[in-house]
Amino acid sequence: THIEKTSNPVIYSFGVGADISFDLDMIKRFNATVYGFDPTIEQANVNKMLKNEPKNVSDKYLFQKVGAGVCDSTIDFYRRPSGGSLVSTS
């Protein structure tokens with residue numbers, strides 16, 4: 001798929017976790033507005049990931065601590081025990 005740089009796309013990114021580099025690249029490359037969603041991380045973590053980005057990039061990344069699923073309800077998440085390099089929640 002080809003995205004024109006002038007089209008100002010909107011991207012919805014689910015399950016962003018501890019790495020928003022793809023999302024930030026979409027902002028930088030295509031001037032996209034990115035809505036990031038993840039129920040397992042805090043806004044403070046996202047703010048840390050954005051702190052070294054220019055304002056014109058960080059302003060186009062909008063985060064919500066919610067997830068997407070097949071039903072409208074609240075569910076519990078369980079984090080993998082620490083010790084590995086992978087971050088996973090299920």
Side-chain angles (χ1 to χ4, degrees):
T1 302
H2 179 72
I3 300 173
E4 294 292 330
K5 285 189 176 188
T6 58
S7 64
N8 299 323
V10 174
I11 297 171
Y12 299 97
S13 182
F14 292 90
V16 299
D19 183 3
I20 61 171
S21 59
F22 174 81
D23 302 340
L24 296 176
D25 192 44
M26 294 297 99
I27 295 168
K28 293 171 186 173
R29 291 180 65 193
F30 302 111
N31 195 34
T33 297
V34 177
Y35 293 87
F37 302 92
D38 195 315
T40 67
I41 62 172
E42 301 297 327
Q43 179 69 52
N45 297 70
V46 174
N47 293 345
K48 287 179 189 175
M49 291 185 263
L50 291 171
K51 75 176 185 177
N52 294 322
E53 296 296 332
K55 186 164 175 44
N56 68 314
V57 172
S58 63
D59 282 354
K60 292 186 75 84
Y61 189 80
L62 306 159
F63 175 76
Q64 289 289 313
K65 185 183 165 90
V66 297
V70 296
C71 61
D72 186 11
S73 64
T74 301
I75 60 171
D76 294 321
F77 283 89
Y78 302 94
R79 195 170 293 280
R80 174 191 299 219
S82 60
S85 61
L86 298 175
V87 175
S88 179
T89 306
S90 58

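- Contact annotation: the side chain of N31 approaches that of K60 to within less than 4.5 Å [non-hydrogen atoms, C-beta and beyond].
- No side-chain heavy atom of I20 sits under 4.5 Å from any side-chain heavy atom of F63.
- Annotation for F22: atom CZ does not count as buried by contact number, only 12 or fewer foreign heavy atoms lying within 6.0 Å.
- In terms of heavy-atom proximity, F30 sits nearest to P9 at O-CD, 3.4 Å.
- Closest heavy-atom contact between I11 and A32: CD1-CB, 3.8 Å.
- Cluster membership for M26 and Y35, using ILVMFWY side-chain heavy atoms within less than 4.5 angstrom, is not shared.
- Taken from CG in L62 to CG in D23, the straight-line distance is 11.0 Å, to the nearest 0.5 Å.
- In terms of heavy-atom proximity, D38 sits nearest to G17 at OD2-N, 2.7 Å.
- Expressed to the nearest 0.5 Å, how far CD of E53 lies from NZ of K51 amounts to 12.0 Å.
- For the pair L24 and V57, the tightest heavy-atom approach, listed with the atom from each and the gap, is CD2-CG1, 3.9 Å.
- Going from atom OG of S13 over to atom CZ of F37 covers 9.0 Å, rounded to the nearest 0.5 Å.
- Cluster membership for V66 and V10, using ILVMFWY side-chain heavy atoms within less than 4.5 angstrom, is shared.
- Across all their heavy atoms, P39 and K65 have their closest contact at O-NZ, 3.3 Å.
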